[in-house]
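Everything below concerns the one structure shown next.
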Protein chains: 2
Amino acid sequence: MEAEQASNEKRIITMKDFLSHISLDCVVFGFHSNQLKVLVLQMKTTSTWALPGGFVYEDESMEVAASRVLKERTGLNEIFLHQFHVFSDPQRSKQNPAVPDMILAGVTFPEKSWFEKRFISVGFYALVEFSQVNPQPDELSDACEWINLENIGILMLDHNEILQKALETLRMQLTFQPIGYNLLPEKFTLSELRKLYETILGKELDRRNFQRKILAYDILTRLEEVRQGVAHKAPALYKFNLVNYKRALDEGLQGRW
Amino acid sequence: MEAEQASNEKRIITMKDFLSHISLDCVVFGFHSNQLKVLVLQMKTTSTWALPGGFVYEDESMEVAASRVLKERTGLNEIFLHQFHVFSDPQRSKQNPAVPDMILAGVTFPEKSWFEKRFISVGFYALVEFSQVNPQPDELSDACEWINLENIGILMLDHNEILQKALETLRMQLTFQPIGYNLLPEKFTLSELRKLYETILGKELDRRNFQRKILAYDILTRLEEVRQGVAHKAPALYKFNLVNYKRALDEGLQGRW
DNA sequence: ATTCTTTGTGTCACTGCGACACAATGATAA
DNA sequence: TTATCATTGTGTCGCAGTGACACAAAGAAT
């Protein structure tokens, strides 16, 4: 169906075309200035902060819906998405705080019955290149912006739990899959990659051991170039070897069993 | 609400109390005779084999619903469950093949509209002690029984994909979490535990190296007893140290980063 | 009594680990 | 111009863990 473009004018959105009782919430991770950042929205009526999310059209898969929703929030066409958990506590959305915002935005409810009742949410995390994102609020929110992970305050509903679960999933995942592609620019330094790992793991890594280990994964290609305009010894630039990187995602890293 | 007991007589089941568009499918793993087994149902009308599953009441979480469904199929009260993926291809249930069986079983459809349309399925895998399971078919099926994982044939809808994804999830999980509790009896031998790992990984492990590694996890307690009635040297019996086992599940095994 | 199979314990050479050193490089300050 | 500082690339060290495998014990079968 036609893309719903962000617009200043009120537009009619009907819930009828969405699957009832199902929503999705996205934890969008970016990386900038050696900080892991999360994209959040500020709701119009309540001013609370929330993770981006939305609903699923009747002819969409969850992944397609999440891609569509995030294209609208970030402007990006291809986003690395990964489902990580279904949040289904019946208490989590007894009274949907977004309803006033939706009414304000002109949403009509052909059948209020399902939307004002509970719904489950499929949690996705997305990894995006910070510099390529053009944050766009939706009809329900005043702002869409990046917040440093360590500065996240109180979010709407169970969004703090959703964010925490996403982070735990990312952390656990580093034990068997690499990370970095989709988050870092095409060319990056080992120092930048290491700081990405450090912000996810929440601890400092020895730069020499990190280098030996990550090079042992055989997923990086060292470029002839070095980073320009830096204050000290210029570090080498690297890029991901996508064939090996994707294989490492599919098959997991070697080891353990 | 009242438990829906299996019964020979037709009973009225109404879809009205379930969340629309949402189902769950369970891959129930058991382990017996050194084989990983999966619990499957045989549908009445079509005679196809399917994974157990069901729907979610309006006041249940996904986990509670899955526990309820599996209590009915296995007779077990406490089952280790883990969500692993949401299956949401719009094509996956355009025409629900279970509808004829449901009609045969006396199910009425207050609002056919959602059930004959598509729905997403939350995939769970369950780990159960084979010997404690009392397989029970539901109203839609003739049989509920174990099949060796390596003998699984064609399953209904996308259930082969669901099963494959569950197995991949289990395999990947062995790189950062242990397995065995819930699947093995309270007392077991290292040989039995190793064969469990081998059937999940699909490859043979050296029994000496396996022993050294698994003991290094510090999740096992060696008992004073040995297995009786065996043909050769009696192996020592072990049990899981639940404190350490659960910590290993929560925090992951040491290593990598 | 011998053979077979399984188990418990252990060894070996090798690899990877955590902790860290040293030299190179470029900017900054004296 | 020289010295200092901070960062990076490469490497070492002692130790721990690995894959491959040996040997002895134990009990059943022949």
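Chain identifiers are assigned alphabetically (A, B, ...) following the order of the sequence lines, protein sequences preceding nucleic acid strands; residue numbering begins at 1 within each chain.
- Each of A:A216 and B:R194 lies near DNA chain C, and the nucleotide nearest B:R194 is the one positioned closer to the 5' end.
- Closest to the B:K213 side chain, of the nucleotides C:dT5, D:dA28, D:dT18, is D:dT18.
- Atom pair B:Q211:CD and D:dC21:P shows a separation of 18 Å (rounding to whole Å applied).
- B:N209 has its CG atom 13 Å from the P atom of D:dA22, to the nearest Å.
- Annotation: A:E145, atom CD; neighbour count of heavy atoms from other residues, nucleotides and ligands within 6.0 Å is above 12.
- Whole-Å rounding puts the A:L193 CG to D:dT8 P distance at 13 Å.
- Of the two residues near DNA chain D, A:A236 and B:A234, the one whose nearest nucleotide lies more 5' is A:A236.
- Taking a cutoff of 4.0 Å between a charged side-chain nitrogen and a carboxylate oxygen, A:E161 and A:K165 do not qualify as a salt bridge.
- In this structure, the CD atom of A:Q254 is 16 Å from the C1' atom of D:dG17, given to the nearest Å.
- Between B:K233 and C:dC4 there is no side-chain polar atom (N or O) within less than 4.0 angstrom of OP1 or OP2.
- One donor-acceptor pair, N or O on each side, does fall under 3.5 Å between the base of C:dG8 and the side chain of B:R207.
- Distance B:F210 CZ to D:dG17 P: 17 Å, rounded to the nearest Å.
- Checking D:dA20, D:dC21, D:dT8 against every side-chain atom of B:R212, the shortest atom distance belongs to D:dA20.
- Positionally, the nearest nucleotide of DNA chain C for B:H232 lies more toward the 5' end than for the other of B:R208 and B:H232.
- A:R222 has a side-chain polar atom (N or O) that falls below the 4.0 Å cut-off from OP1 or OP2 of D:dT10.
- In this structure, CZ of B:R227 is placed 16 Å from P of D:dG27, rounded to the nearest angstrom.
- By the ring pair (Phe, Tyr, Trp, His ring centres under 6.0 Å) test, A:Y197 is found to be paired with A:F210, B:W257, residues two or more places apart in sequence or in another chain being considered.
- Under a 4.0 Å N-O distance rule, the pair B:R92/B:D25 qualifies as a salt bridge.
- With no hydrogens or angles considered, no side-chain donor-acceptor pair links B:E186 and B:Y238 at under 3.5 Å.
- Per the geometry, CG belonging to B:L215 stands 10 Å off P belonging to C:dG8, to the nearest Å.
- OP1 or OP2 of C:dT7 lies within a sub-4.0 Å distance of a side-chain N or O belonging to B:S191.
- With rounding to whole Å, B:E192 atom CD is found 13 Å from C:dT6 atom C1'.
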